[in-house]
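First up is the structure itself, then whatever we jot down about it.
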Amino acid sequence: MRTSNFHIITTRETPADAEIVSHQLMLRSGMIRKLTAGIYSWSPLGWRVLKKVERIVREEMDRAGYLEMLMPAVQPAELWKETGRWEDFGDQLLKIHDRAGRDYVFGPTHEEVITDLARNELRSYKQLPVTFYQIQTKFRDEIRPRFGVMRAREFLMKDAYSFHIDEVSLDQTYWEMYDVYSRIFERAGLRFRAVRADSGAIGGSQSHEFHVLAESGEDQIAFSSDSDFAANVELAEAVAPGGEPAAPTEDLRLVDTPDAQTINELVEQFGVPVEKTVKTLIVEATEESGAGFVALLVRGDHSLNEFKAVKLPQVAVPLRFATDEEIRSAVGAGPGSLGPVKLEMPCFIDRSVAVMSDFAAGANQDGKHYFGINWSRDVEMPPQADLRNVIEGDPSPDGTGSIQLARGIEVGHIFQLGTKYSESMNAVVLGEDGKSHVMPMGCYGIGVSRIVAAAIEQNHDDNGICWPEPIAPFQVAILPMNAKKSHRVREAAEQLYSELQEAGVEVILDDRNVRPGVMFNDMELIGIPHRVVIGERGLDQGVLEYRKRTDSENGEVPLQGAAEAILQRLA
RNA sequence: CGGGGUGUAGCGCAGCCUGGUAGCGCAACUGCUUUGGGAGCAGUGGGUCGGGGGUUCGAAUCCCUCCACCCCGACCA
């Protein structure tokens with residue numbers, strides 16, 4: 001490709017609405033253009049990268065024997081009503097209707113469609129197991145799309161679905177898929193980590209997320225310093241400290257704390273160690289519990305884990321914190337003065353709170369706290385649960401090593417669905433025993449367009465993108481210096497260009513009549529992994545200048561056999 | 001959805017308070033010069049000032065209204 005024939009539009013200035021670096025660089029390099037909130041066009045440059053990712057995904061899925069197909073993006077409402085997701089999926093569903101007023105959705109995912117297909121096509125256990133996949137545009141009407149294609153409303157996804165005669169077969173395909181996914185992210189040149197994930201309301205026995213590691217990641221993942229334990233913080237168990245609280249050494253004291261509304265203020269003003277404080281969070285209770293509200297207690301330096309909290313049968317889903325007014329009318333004091341002593345509502349404590357002694361908490365009277373609280377003596381110990389997020393240094397749940405935290409961008413998710421959809425849609429096959437069997441299912445997703453953004457988050461510097469070679473739009477950039485004036489430069493560039501093309505290398509020749517600085521900056525911004533500079537200076541010495549995008553120093557290759565020398569440097 | 005903010009040339013912004021010929025930088029186009037890290041000079045094109053309504057002799061500017069986009073949304077107990 002020649003730049004004169006390829007639409008390259010770069011900008012020096014960063015668009016004002018781009019927050020994170022991948023979004024900024026995708027806009028500045030001209031990879032994407034926004035059409036409307038959360039909806040983007042991919043330019044020829046961006047499309048090349050997206051296709052690279054897509055191709056790696058497709059090749060590995062094919063290699064594993066999974067069957068590519070294409071399902072409709074537009075799906076009838078009836079299917080979604082059949083599984084109950086017409087309501088459950090909520091406002092994320094883009095609902096549309098045709099001229100006759102019939103309802104449709106623009107598919108955010110395809111469990112319904114594939115299960116409908118499976119119940120019509122699959123008859124016998126002999127056809128199982130089977131895994132179908134597609135790479136297709138999805139639409140989810142996010143509350144708040146942001147970060148460019150990272151959290152877009154319209155995006156490209158690879159989704160796969162497997163059907164089985166029993167759970168054993170499902171488990172087998174699941175772990176096979178785990179390996180396929182690992183290969184995909186390895187091949188794309190990304191540093192990633194597979195972590196155990198919340199299986200959510202769907203139930204199911206197994207679920208893993210694949211995260212590209214990056215500082216800017218929206219998800220926090222926890223892993224062990226000394227074992228292969230890794231889990232999303234949402235799921236990671238905070239190990240129970242065990243043992244009994246220490247014997248009381250202090251009396252219970254009611255203290256005036258007019259200026260202490262927060263744990264921090266309490267710690268600063270009264271010198272209480274933060275791990276001797278407890279915070280009390282009031283959340284909405286389920287209707288069945290009849291309680292109105294539930295109090296959840298975690299240590300002052302810990303934070304409540306929403307996903308764990310809603311697993312308590314008394315806590316309403318989705319989790320909702322009580323408003324100040326609700327707290328005031330239920331407790332008689334405002335937030336900032338809440339605690340377990342003389343609290344008239346169902347109460348649960350985190351397991352680390354259960355071993356505390358001589359601690360401080362609100363007194364359920366405005367401007368007052370109790371100090372020196374001890375369980376049993378001052379208040380009955382409430383039931384315990386794992387309610388908090390793990391923090392760095394916690395013991396690893398598998399018993400080996402301690403917890404470390406990292407940030408990641410979720411780019412893949414695999415899931416043992418079980419019979420959630422096959423049951424409600426009656427997808428059955430005849431088994432060896434001649435009886436009907438509901439097929440257990442797995443589903444497996446990869447955010448293809450998100451990978452592009454995640455790759456940039458992980459691989460960039462001050463000058464722009466540093467593509468991992470497997471997904472770079474071009475492998476090699478040839479930059480002739482002042483070609484207009486120099487036959488030799490022009491000829492050397494043309495020759496190298498055609499030799500590399502002949503060798504099947506994706507090479508871009510910058511034949512624009514622009515100053516060298518412009519070429520350097522553009523090619524670095526766009527992130528081409530290998531750069532060859534051809535100038536009179538080097539030609540005099542029989543060499544071409546070569547530099548890898550991630551190197552800080554220039555190297556050389558001999559003019560004679562330059563193409564060969566560069567080929568050797570490609571991954 | 002709740003809270004906050006912004007809409008002026010492709011991009012980044014000024015002008016608005018205090019109404020009176022719509023500006024600056026970058027980008028683009030033409031010409032000349034220049035050519036190893038985003039060149040210089042000269043010239044050119046490009047605007048429903050988000051839409052609608054109102055006030056006024058006169059509205060980018062003041063008022064009303066609608067729309068779009070952006071940011072924040074348990075961590076406070």
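Below, chains carry the letters A, B, ... as their sequence lines are ordered, and counting in each starts from 1.
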Could you state the [atom1]-[atom2] distance from [X] to [N], rounded to the nearest angstrom?
X        : N     : atom1 : atom2 : value
A/Tyr40  : B/C70 : OH    : C1'   : 11 Å
A/Asn521 : B/C26 : CG    : P     : 16 Å
A/Ile9   : B/G12 : CD1   : C1'   : 16 Å
A/Ile143 : B/G73 : CD1   : C1'   : 10 Å
A/Arg144 : B/C70 : CZ    : P     : 9 Å
A/Leu525 : B/C11 : CG    : C1'   : 14 Å
A/His487 : B/U35 : NE2   : P     : 17 Å
A/Glu265 : B/C75 : CD    : P     : 14 Å

Mind checking [X] for me? I need base, sugar-phosphate or nothing, with any heavy atom below 4.0 Å counting as a touch.
X        : value
A/Thr280 : base
A/Val298 : nothing
A/Leu319 : nothing
A/Thr14  : sugar-phosphate
A/Val514 : base
A/Gly362 : nothing
A/Arg299 : nothing

* Any side-chain heavy-atom pair from A/Ile349 and A/Met381 closer than 4.5 angstrom? -> yes
* Asked: Are A/Leu539 and A/Leu559 side-chain neighbours, meaning at least one heavy-atom pair lies under 4.5 Å?
  -> yes
When rounded to the nearest Å, what value does the distance between [atom1] atoms of [N] and [M] take?
N     : M     : atom1 : value
B/G31 : B/C24 : C1'   : 24 Å
B/A39 : B/U35 : P     : 13 Å
B/G45 : B/A27 : C1'   : 13 Å
B/C69 : B/C75 : C1'   : 29 Å
B/A68 : B/G50 : C1'   : 7 Å
B/A22 : B/C26 : P     : 23 Å
B/C57 : B/C71 : P     : 44 Å
B/G20 : B/C66 : C1'   : 29 Å

* **base_contact_polar (B/G12 base, A/Arg28 side chain, donor-acceptor, <3.5 Å)** => no
* **Donor-acceptor pair (no angle test) under 3.5 Å: A/Asp522 side chain, B/G38 base** => yes
* Structure fact -> When A/Asp510, A/Leu45, A/Leu509 are each screened for side-chain contact (heavy atoms from CB on, under 4.5 Å) with A/Phe6, the one that passes is A/Leu45
Taking only side-chain N and O atoms of [X], does any of them lie within less than 4.0 angstrom of OP1 or OP2 on [N]?
X        : N     : value
A/Arg146 : B/C71 : no
A/Arg12  : B/C11 : no
A/Lys484 : B/U34 : no
A/Arg515 : B/A39 : yes
A/Thr36  : B/C69 : yes
A/Lys485 : B/U35 : yes

Options [options], nucleotide nearest the side-chain atoms of [X]:
X        : options             : result
A/Phe520 : B/C26, B/G37, B/C69 : B/G37
A/Glu545 : B/G25, B/U35, B/G36 : B/G36
A/Ala16  : B/C13, B/G38, B/U35 : B/C13
A/Ser303 : B/C75, B/C69, B/C71 : B/C75
A/Glu19  : B/C71, B/C11, B/U35 : B/C71
A/Lys34  : B/G36, B/A39, B/C69 : B/C69

* Does A/Thr14 offer a backbone N or O that forms a donor-acceptor pair with the side chain of A/Arg28 under 3.5 Å? -> no
* Crowding at CG, A/Asp251 (>12 non-hydrogen neighbours, <6.0 Å) -> no
* Asked: Considering residues, nucleotides and ligands other than A/Ile391, do more than 12 of their heavy atoms fall under 6.0 Å from its CD1?
  -> yes
Pairing nucleotide - [N], Watson-Crick or G-U, each distance under 3.5 Å:
N     : value
B/G73 : B/C1
B/U48 : none
B/G25 : B/C11
B/A42 : B/U30
B/U56 : none
B/U18 : none

* Structure fact -> Separation between CZ (A/Arg388) and NZ (A/Lys308), nearest 0.5 Å, reads 7.0 Å
* To do: Working to the nearest 0.5 Å, report the span between CD1 of A/Ile465 and CG of A/Asn459.
  => 10.0 Å
* Pick the nucleotide of RNA chain B nearest each of A/Arg547 and A/Ala37; which residue has the one closer to the 5' end? -> A/Arg547
* Which residue lies toward the 5' end of RNA chain B, A/Gly339 or A/Glu306, if each is placed at its nearest nucleotide? -> A/Glu306
* Report yes or no: is the cationic atom of A/Arg48 (NZ for Lys, CZ for Arg) closer than 6.0 Å to the six-membered ring centre of A/Phe474, at no more than 45° off its axis? => yes
